[in-house]
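Data first, discussion second: the structure below is written as structure tokens.
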Amino acid sequence: MEDLLSVVVCPECQGEFEIEAENFWRCQKCGHTVQVLEGKPIFTPTPETAHIFKRIERGPDKGTPWRQANWRFLESQIKSLDPQAQILDVGAGHGDFADIFTNRRYLSVDIVPYEEVHLVCDLTERIPFRENTFDALVLMNVLEHVYRFHELMDALFRVLKPGGKLFIAVPFMIKIHQAPYDFHRYTHYSLRDIAAQHGFEIQWLEGYYDPIFFMGEGTRNFRFWVLPKLSRPARWLGRGLLMLMDGLMALLSLLAGKPFVKSPEEANNPAAIGYHLILKKPTSTI
Ligand SMILES: [Zn+2]
């Protein structure tokens, strides 16, 4: 709680909060109060339609190949930070990457009061942090779920220290998920534009390419969304053909080689599964 109070400020006046009671804080400067539920200050209400998902076990070797690539990317970046770096995980959910932040100065924020998050706030609405607060920001598979992503990028730029870094993972060739809170897919061209438009320097942009996983998405789509609608005999035939496809894909994977990360120009493949970016807030703004 003390940790939280040292970083969180009044979104109205940037004043410091004091603990008034177990369930609310009061701004010492303007008197604004914020409700605190189970130790979490709640700055914005959870939208009624918000997709609230169950905890899924995550780890370096768990989940889709894209998730595993996310893990490798983020882990190597967090390792490179100063041990004292203050990190904010934005849209952290259940803390899919929490193990990477063990023994770090780490806070997480989400619009849903998940048990694992430290504070609840929609940063496109209010910003309960001072300018230049964090050394690193983490935005893993979140940007596509934020309708007003320009407002979010403004907020992130504001709370990041000059020289601080924003780590992003964002899917491209991945189906709709967490419906109805899935709004965007960005090409690497638009990601570059968005970063520059909000004042960030692009330190790194890589695509994750996995043609066999991409093909698998096609057969999984057929399996789960087409097959069940077919007549019984057609379903049986479809299942048999899918088994054949799986066999053929296993053979093709021998030719395709391993999935890889590369700059989009180098990869020269128009179907990245997703992108990883490292954006830096410039140290001096002229
Ligand atoms: Zn205040």
Side-chain angles (χ1 to χ4, degrees), residues 1-9 16-17 19 22 25 36-43 53-121 123 127-143 152 155-170 200 203-204 206 208 261 274 276-281 283:
M1 189 70 85
E2 294 306 313
D3 251 18
L4 203 51
L5 276 167
S6 70
V7 176
V8 172
V9 295
E16 285 181 17
F17 282 110
I19 301 172
E22 198 182 313
W25 294 356
V36 179
L37 287 176
E38 288 163 4
K40 290 182 241 300
I42 313 283
F43 289 98
F53 51 96
K54 292 203 180 79
R55 190 181 161 80
I56 301 169
E57 208 53 51
R58 302 286 192 189
D61 308 315
K62 296 203 173 82
T64 61
W66 162 242
R67 284 278 179 175
Q68 294 177 33
N70 293 165
W71 191 285
R72 288 191 293 275
F73 164 74
L74 186 61
E75 190 175 42
S76 72
Q77 290 313 313
I78 298 299
K79 267 187 188 158
S80 73
L81 296 175
D82 184 274
Q84 286 307 308
Q86 180 78 59
I87 303 165
L88 179 68
D89 190 352
V90 178
H94 288 289
D96 286 351
F97 299 94
D99 287 357
I100 292 174
F101 305 108
T102 311
N103 298 324
R104 287 286 183 172
R105 294 172 69 201
Y106 168 79
L107 283 181
S108 61
V109 59
D110 203 287
I111 63 165
V112 175
Y114 292 113
E115 194 187 326
E116 295 86 350
V117 301
H118 296 101
L119 64 150
V120 176
C121 187
L123 295 179
I127 307 177
F129 307 108
R130 278 196 199 94
E131 205 174 344
N132 308 334
T133 294
F134 296 98
D135 300 283
L137 301 172
V138 172
L139 194 67
M140 298 300 281
N141 297 306
V142 172
L143 201 57
L152 179 65
L156 298 183
F157 188 85
R158 187 183 155 77
V159 302
L160 192 58
K161 281 181 192 168
K165 288 177 184 174
L166 164 57
F167 306 119
I168 300 179
V170 61
F200 290 101
Q203 279 211 319
W204 185 258
E206 69 185 17
Y208 170 70
V261 287
H276 294 142
L277 293 92
I278 305 170
L279 306 184
K280 187 177 159 189
K281 180 163 170 174
T283 35

| Do Phe43 and Val8 come within less than 4.5 Å of each other through their side chains, counting heavy atoms only? | yes
| Contact check, side chains of Val7 and Gln86, non-hydrogen atoms, under 4.5 Å | yes
| message | Quick check: do Tyr114 and Val120 have side-chain heavy atoms less than 4.5 Å from each other? | response | no
| task | Starting at CG of Leu88, measure out to CG of Leu156 and round the result to the nearest 0.5 Å. | result | 8.0 Å
| Rounded to the nearest 0.5 Å, how far apart are CD1 of Ile78 and OG1 of Thr102? | 11.5 Å
| task | Hey, could you give me each pair passing salt bridge (charged side-chain N to carboxylate O under 4.0 Å, His left out) that has a residue in residues 59-68? Not counting sequence neighbours. | result | Arg67-Asp96
| note | Looking only at heavy atoms, the pair that brings Pro128 and Leu119 closest together is CG-CD1, 4.0 Å
| message | For a side chain to side chain contact (heavy atoms under 4.5 Å, CB included) check, start with the C-alpha distance between Asp89 and Leu107, then their side-chain angles and the critical distance, and finish with the verdict. | response | CA-CA 6 Å; Asp89 190 352; Leu107 283 181; over 6 Å; no
| said: Check whether Lys40 reaches the backbone of His118 with its side chain - one donor and one acceptor, N or O, closer than 3.5 Å. | reply: no
| request: Could you tell me whether the side chain of Val138 reaches within less than 4.5 Å of the side chain of Ile87, counting heavy atoms only? | output: yes
| request: Search all heavy atoms of Cys121 against all heavy atoms of Ile111 and return the closest pair with its distance. | output: O-CG2, 3.9 Å
| Does a side-chain heavy-atom distance below 4.5 Å link Val36 with Ile42? | no
| request: State, to 0.1 Å, how close Leu139 and Leu166 come at their nearest heavy-atom pair, and which atoms those are. | output: CB-CD1, 4.1 Å
| request: Drop me the distance from Asp99's CG to Leu74's CG, to the nearest 0.5 angstrom. | output: 11.5 Å
| task | Evaluate side chain to side chain contact (heavy atoms under 4.5 Å, CB included) for Phe167 paired with Leu137, printing each intermediate quantity in order. | result | CA-CA 6 Å; Phe167 306 119; Leu137 301 172; over 6 Å; no
| field | Glu131 vs Val159 side-chain heavy atoms within contact, under 4.5 Å | value | no
| task | Grab the two heavy atoms, one from Val109 and one from Val117, that are nearest each other, plus how far apart they are. | result | C-CG1, 4.5 Å
| said: Can you confirm whether Asn70 sits close enough to His276 that some side-chain heavy atom of one is under 4.5 Å from a side-chain heavy atom of the other? | reply: yes
| query | According to the side chain to side chain donor-acceptor pair (under 3.5 Å) rule, which pairs have a member within residues 73-83, sequence neighbours left out? | reply | none
| message | side chain to side chain contact (heavy atoms under 4.5 Å, CB included) for Leu277 and Phe200? Distances and angles first, verdict last. | response | CA-CA 11 Å; Leu277 293 92; Phe200 290 101; over 6 Å; no
| task | Could you walk me through whether Leu81 and Asp135 pass the side chain to side chain contact (heavy atoms under 4.5 Å, CB included) test, one step at a time? | result | CA-CA 9 Å; Leu81 296 175; Asp135 300 283; 5.8 Å; no
| Is the shortest heavy-atom distance from the side chain of Glu38 to the side chain of Glu22 under 4.5 Å? | no
| request: Not counting sequence neighbours, list each pair that qualifies as a salt bridge (charged side-chain N to carboxylate O under 4.0 Å, His left out) and has a residue in residues 100-118. | output: Arg55-Glu116
| message | Could you report the tightest heavy-atom contact between Tyr208 and Pro65, atom names first, then the distance? | response | OH-CB, 3.1 Å
| request: For side chain to side chain donor-acceptor pair (under 3.5 Å), just list the numbers for Glu206 and Trp204, CA-CA rounded to whole Å, side-chain angles, deciding distance to a tenth of an Å, and then say yes or no. | output: CA-CA 7 Å; Glu206 69 185 17; Trp204 185 258; 2.8 Å; yes
| message | For Phe157, does the six-membered ring have the charged nitrogen or CZ of Lys281 within the cation-pi criterion, i.e. under 6.0 angstrom from the centroid and within 45° of the normal? | response | yes
| query | If you look at every heavy atom in Ile168 and Phe73, which pair is closest and at what distance? | reply | O-CE2, 3.8 Å
